[in-house]
There are 2 protein chains.
Amino acid sequence: MGESSDPTNLQELARHLGISVTTVSRVLSGQARRFRISKQTEERIQTAAAQFGVRPDPIGASLRLGRTRTIGLIVPDVANPFFAAFAQGIERRFRKEGYAVLLCDSAEDADVEAELLRVMLSRKAEGLIIAPVGQKLGAVSALVETTVPVVLMDRIFPDLPFPMVATDNIAAAKEAVHHLTGRGHRRIACLRGLEGSFPDGERFKGFQAALKEAGIPLTDCPMAGGDYTAATAAKATRDIFQNAKPKNRPTAIIPFGGQITLGLLESLHALNLSVPEAVSVVAFDEQPWSSLVSPPLTTVAQPVEEMARLAASRLLEVLAGKVHARENRLEVLKAKIVSRESVRTIS
Amino acid sequence: MGESSDPTNLQELARHLGISVTTVSRVLSGQARRFRISKQTEERIQTAAAQFGVRPDPIGASLRLGRTRTIGLIVPDVANPFFAAFAQGIERRFRKEGYAVLLCDSAEDADVEAELLRVMLSRKAEGLIIAPVGQKLGAVSALVETTVPVVLMDRIFPDLPFPMVATDNIAAAKEAVHHLTGRGHRRIACLRGLEGSFPDGERFKGFQAALKEAGIPLTDCPMAGGDYTAATAAKATRDIFQNAKPKNRPTAIIPFGGQITLGLLESLHALNLSVPEAVSVVAFDEQPWSSLVSPPLTTVAQPVEEMARLAASRLLEVLAGKVHARENRLEVLKAKIVSRESVRTIS
DNA sequence: TTGAAAGCGCTAACAA
DNA sequence: TTGTTAGCGCTTTCAA
């Protein structure tokens, strides 16, 4: 009789088989060989475990080992295709390695980010991949005091002792400008991203440098914006084009982000300014729709998939103990200009 | 001397203060009032906890309580703006409630989904929100055997005893057709989504029903496709338009998804078929770029934010014990036609 | 080759 | 109003 129900954990499975928990644990965590468990015992345990669907409870293991097999990923906006693609790459890779990922959206808000960091630390995430909200060294720099492996991406802080993955934004912006100057443009505006954020700063540096090289006075090149939203970009676009006399009007513009491009196109449409006849556009961040708007957009494409791969690898290396966690190592990737039809040649 | 370092957990904090762990636990978990802890003791504990940054370790708590304050979210493709927006809404809401979200991407693969489900169960997610990969009752139906609260969205299985949130896809498709027949179209194609998936089935039902109502023979209305990818849609588009004699060619087409629309537009472009002159389009799923392609697209907009809100609320209700977890309750939301310029009127 | 027992950090039952 | 203690499920040290 003694009707005992199915075993649900190692404890019960052990009792069920008349074996010690230790042995069961060893077998189910793949350590059978190391402890020279007899083939027969191993077999019995494996079979029974499969039969009852018993797996070691990760929470118990976490408590014991201090390892959660969980990593945290924080991006400022999952709905942005750039970050969505990045998140997808990260999640895929870590799942393959047996990690789960806690994904959080900081909504471009430093306070949210700080809270998120606290949450992830208290949940004992074993590693963190972060695209910081940008601007001044925020909550992220406090991570230096901890020992969690951290990898920064995109919005990086180059002075922090973390592995970082970013695009060479200076070069990318320069190329964008060259693409335009090479086609006769001399008045080139830019629509800036979040003030103080790394990509914005770098892109702007590249933008300025390229203009200088081309001998174009900065005063001919209006700039506006201040964050990565479409709304701000739409307003900035109006500011630039509405009040300018046609003669002073820029003939080309470089929006510093995907959402920014959306805002730009919207305003341009409202102002009845056609692309590329009235204004040429070289847009930052290749998007799924880049080739489908009218006209198809010439873009600066960042290698997102590769960024995800690299960021994941860096973190995995640290987790594997191959690399020290507090190493200022900046991985810089090249962006590519995808040439389409939003740039006209001025003769 | 007795140089003891800073307390890092409730245990040590208690010792540090000469108080029992119990009291510390009670205060730090906000139960001070319930146990009538003296204001003074509470104060001391709170201060010290803040000073040393001591918080209850969620893992210890999980093990003890069997509650992880974690929910699992599975979508077939985070890079799809529809699901990205949904995920964003879910994450935001649950964070506010003190839950973390384990986000996983099933990549439209039933095996991956099954594995994901196992992972989430073994990690003791307290609730699951799932947009199943679709097609036949898969791993999701096995969840009936468990007790985890589950909410299904979009790709639902109407017979399962779970709360579900979806758009009224039949009505939505009908409206799309009416929008076209009302403007004189009689040959209306459709580009189908994943075969056997709920939204595809419903949309197709609505599509057929509306045609029948309008007295249009189905034979005049080609349909192709078979999943939600751009590639399949591009091929399907070619199949429909390349081989049809101009007279038999549909004058309008309804793509059943965002990626599908991308593929459609790409092929239409390649075939030199302009919208709306050659073909009118009413596209499923409003996208960030819908208003920016040329011409701006008339779309069927699902209320994603509301879907996220609703799904979250349903799950939260179950978690709060207000509602039974195994209730077949289908929440149906209305989609809206967003009328833009991709439909021409045939006289 | 296997096992007994301790302990990770927490909360709740029970006691005072 | 506060404290003692058991135990959640696991892995590992030590012992056999």
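Numbered from 1 within each chain, the chains take letters A, B, ... in sequence-line order. In what follows, every heavy atom counts, from backbone to side chain, and hydrogens, waters and symmetry copies are set aside.
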Take atom CD1 of B/I19 and atom C1' of D/dT2, then tell me their distance rounded to the nearest Å. 9 Å
Regarding A/S25 and A/T22, do their side chains bring together a donor and an acceptor under 3.5 Å, going by distance alone? no
Where at least one partner belongs to residues 26-55 of chain A, residue pairs that pass ring-ring contact (aromatic ring centres under 6.0 Å, His included), sequence neighbours excluded: A/H16-A/F52
Hey, where on DNA chain C does chain A first and last touch, going 5' to 3'? Cut-off is any atom under 4.0 Å from a heavy atom. C/dT1 to C/dG9
Enter the inter-axis angle for the ends of the helix from C/dT1-D/dA16 to C/dA16-D/dT1 (five pairs per end, rounded to 10°). 40°
Identify the pairs formed between an N or O of the protein and an N or O of nucleotides 4-6 of chain D at a distance under 3.5 Å, and give each distance.
unit_1 : atom_1 : unit_2 : atom_2 : d
D/dT4  : O4     : B/T22  : OG1    : 2.7

When you check the gap from the basic side-chain N to the acidic O, do A/E12 and A/R15 get nearer than 4.0 Å? no
Enumerate the residues from residues 28-39 of chain A whose closest heavy atom to DNA chain C is under 4.0 Å, giving them by residue number; use none for an empty result. A/F35, A/R36, A/I37, A/S38
What's the CD-P distance between B/E43 and D/dT1, to the nearest Å? 16 Å
Salt bridge (Lys or Arg N to Asp or Glu O under 4.0 Å): pairs with one or both residues in residues 48-57 of chain B, sequence neighbours excluded: A/K124-B/D57
What does B/S62 touch in the nucleic acid at a heavy-atom separation under 4.0 angstrom: a base, only the sugar-phosphate, or nothing? nothing
Residues in ring pair (Phe, Tyr, Trp, His ring centres under 6.0 Å) with B/F94, at least two apart? B/Y99
Between A/T70 and B/R123, is there a side-chain donor-acceptor contact under 3.5 Å, judged purely by atom types and distance? yes
With distance as the sole test, does B/D105 use its side chain to make a donor-acceptor pair with the main-chain N or O of B/V78 at under 3.5 Å? yes
Is A/R155 paired with A/E108 through a side-chain N to carboxylate O contact shorter than 4.0 Å? yes
Set of residues satisfying side-chain hydrogen bond (donor to acceptor under 3.5 Å, both in side chains) with respect to B/Q51, sequence neighbours excluded: none
The answer to which of B/L65 and B/E42 contacts DNA chain D further toward the 5' end, by nearest nucleotide, is B/E42
Lys/Arg N to Asp/Glu carboxylate O, A/R309 vs A/E305, below 4.0 Å: no
Can you name the residues that form a salt bridge (Lys or Arg N to Asp or Glu O under 4.0 Å) with A/R26, not counting sequence neighbours? none
Residues B/R95 and B/E91 bridged, charged N to O under 4.0 Å: yes
Of residues 51-61 of chain B, the positions that come close to DNA chain C - non-hydrogen atoms, cut-off under 4.0 Å: B/R55, B/P56, B/D57, B/G60, B/A61
Report the residues that fulfil side-chain hydrogen bond (donor to acceptor under 3.5 Å, both in side chains) with B/T23, sequence neighbours left out, ordered by chain and then residue number. B/S20
CG of B/L17 versus P of D/dT2: gap in Å, rounded? 12 Å
Taken in chain and number order and not counting sequence neighbours, the residues that satisfy ring pair (Phe, Tyr, Trp, His ring centres under 6.0 Å) with A/F162 are none
No-hydrogen, no-angle side-chain donor-acceptor test under 3.5 Å, A/R326 and A/T147: no
Checking the side chain of A/N328 only, and the main-chain atoms of A/P158 only, is there a donor and an acceptor separated by less than 3.5 Å? yes
Output the rounded distance in Å from CG (A/L10) to C1' (D/dT11). 10 Å
